[in-house]
2 protein chains.
Amino acid sequence: MPYSPQHKQQSRQKILASAYRLFTLNGYERITINQIMADCQLTRGGFYAHFSSKSELYTEALKFGTTASPLVLGNLKSLSTQHWLTELFDGYLSIEHIRGIKPCPLAFLSADITTRDRAAKAAYKNAFLGMNKRLLALVKQVMPFTTEQMFALSSMMIGTVAIAKTINDDKVALQLLRATRKTIRLTLNGI
Amino acid sequence: MPYSPQHKQQSRQKILASAYRLFTLNGYERITINQIMADCQLTRGGFYAHFSSKSELYTEALKFGTTASPLVLGNLKSLSTQHWLTELFDGYLSIEHIRGIKPCPLAFLSADITTRDRAAKAAYKNAFLGMNKRLLALVKQVMPFTTEQMFALSSMMIGTVAIAKTINDDKVALQLLRATRKTIRLTLNGI
DNA sequence: AATTAAATATGACCTTTATCATATACTGAA
DNA sequence: TTCAGTATATGATAAAGGTCATATTTAATT
């Protein structure tokens, strides 16, 4: 038996991590299998030992990056829920987030998903619904809040970062991010 | 002198209209010059008599589709501003809008723009700022409203339709659209 | 009708990229 | 150290698409 038994699994995980990051930053068409494999120190050909096609990888990468999202798990348990939520929203609505290398796929892949297959759409939908559920549970600890209110709030945050990322001009981008941060604080009763 | 003097201009306008629609629905990479030219009954080669490259066309098409946006001009002048705004928001946040062939480029091209050149980003930014300005002027006729509030509201609407469009499941998509419609009505003082 | 110059169509080129067949490299066991 | 068989790399293939050179069509003017 050659290679350690986990070797292939490790490669698979590395491919998924690279694919998730690169796809989120660039979309499906702007990233090649070559780039993904090179990013994790592998080469083109071996790819098909792990995935049957590029589009399968896309869906798996999206699942990989959005299940058990670190976003809401966090390790700031020492903080009060209120404080923690503030940190969460402010971080999400920050210029660092939108200019960084770990942007939110819900924001940056929405249009991309539209032209992708059923499986990719399902993965996106699950990610969106999952995030809403987890966030809603948290917000409810602080104040009464409905699923519908949560949907609207999520949409606002996601829309804001999606738009802010397109804007080259930091001044305008910051103004937009700030606007939404303010609005959210008001919505959440001055958290 | 062959052809009527306006002939080339007419062709250009047709190309722009086709490009605008197809790009908005599919993004830059999923549409070929061939498809655009075929869509307006022309052929591939003639393209370069009108535009120097695909990316130039993309930017011009975006400008074409977003300047003097019919969105806010409308012809419902008989209605009160309040009523008119309600119609506008409800139409934007409708399943017909997101499933139709004239979707909002601000919502469906945000991620696409991120990986495009400076000119395309500028066109997107102008479209966004222009829409906000026009909308704000209208909302102000009804109630006090700031630029920042307008930004947050636009982001919410744009985010909502962007997400709703990715969701294959009409039930969930409708729930999401409804949530934002409700929230907007509350925000606008029960318009 | 014939002419002519602009507008459009045709065909070809070259690059990129997904995919696959085949060769090589690796490592645990004998 | 050799073997075996899995994991990865290499090279090839075929298709797609942006671009351009050249041919053809068009209609206002003569």
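Just so it is clear: chains get the letters A, B, ... in the order the sequence lines come, proteins before strands, and each one is counted from 1. All heavy atoms count here, side chains included; hydrogens, waters and symmetry mates do not.
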Novice: Could you state the atom-to-atom distance from CZ of A:Arg12 to C1' of D:dT6 in whole Å?
Specialist: 17 Å

Novice: Output the rounded distance in Å from CD (A:Gln13) to P (D:dA7).
Specialist: 15 Å

Novice: Roughly how many Å is it from CZ in A:Arg30 to C1' in C:dT17, rounded to a whole number?
Specialist: 14 Å

Novice: Within the structure provided, determine whether B:Leu16 and B:Phe51 are in side-chain contact (heavy-atom separation under 4.5 Å).
Specialist: yes

Novice: Given atom CD1 of A:Ile36 and atom C1' of C:dT17, what is their separation to the nearest angstrom?
Specialist: 12 Å

Novice: Round to a whole Å and report the spacing from CD of B:Gln9 to C1' of C:dA7.
Specialist: 12 Å

Novice: Round to a whole Å and report the spacing from NZ of A:Lys14 to P of D:dA7.
Specialist: 14 Å

Novice: How does protein reach along nucleotides 12-23 of chain D, written 5' to 3' as B (base within reach of a heavy atom under 4.0 Å), S (only sugar-phosphate), or - (no contact)?
Specialist: B----SSBB---

Novice: Would you say a side-chain N or O of B:Ser11 is under 4.0 Å from OP1 or OP2 of C:dA7?
Specialist: no

Novice: I need the CE-P distance between B:Met37 and C:dA9, as an integer number of Å.
Specialist: 7 Å

Novice: Within a strict 4.5 Å, meaning less than it, do heavy atoms of the A:Ile95 and A:Leu177 side chains meet?
Specialist: yes

Novice: For B:Phe151, check ring-ring contact (aromatic ring centres under 6.0 Å, His included) against everything at least two apart and list the hits.
Specialist: B:Phe128

Novice: Taking the side chain as C-beta and beyond, is there a heavy-atom pair between B:Leu93 and B:Ile184 under 4.5 Å?
Specialist: yes

Novice: Side chains of A:Phe47 and A:Leu57, heavy atoms from C-beta outward: is any pair under 4.5 Å?
Specialist: yes

Novice: OP1 or OP2 of D:dT8 versus the side-chain N and O atoms of A:His50: is any pair under 4.0 Å?
Specialist: yes

Novice: Taking OH from A:Tyr58 and C1' from C:dA18, how many angstroms apart are they, rounded to a whole number?
Specialist: 17 Å

Novice: Can you tell me which residue pairs pass the salt bridge (Lys or Arg N to Asp or Glu O under 4.0 Å) test with a partner in residues 37-59 of chain B, sequence neighbours excluded?
Specialist: B:Arg21-B:Asp39

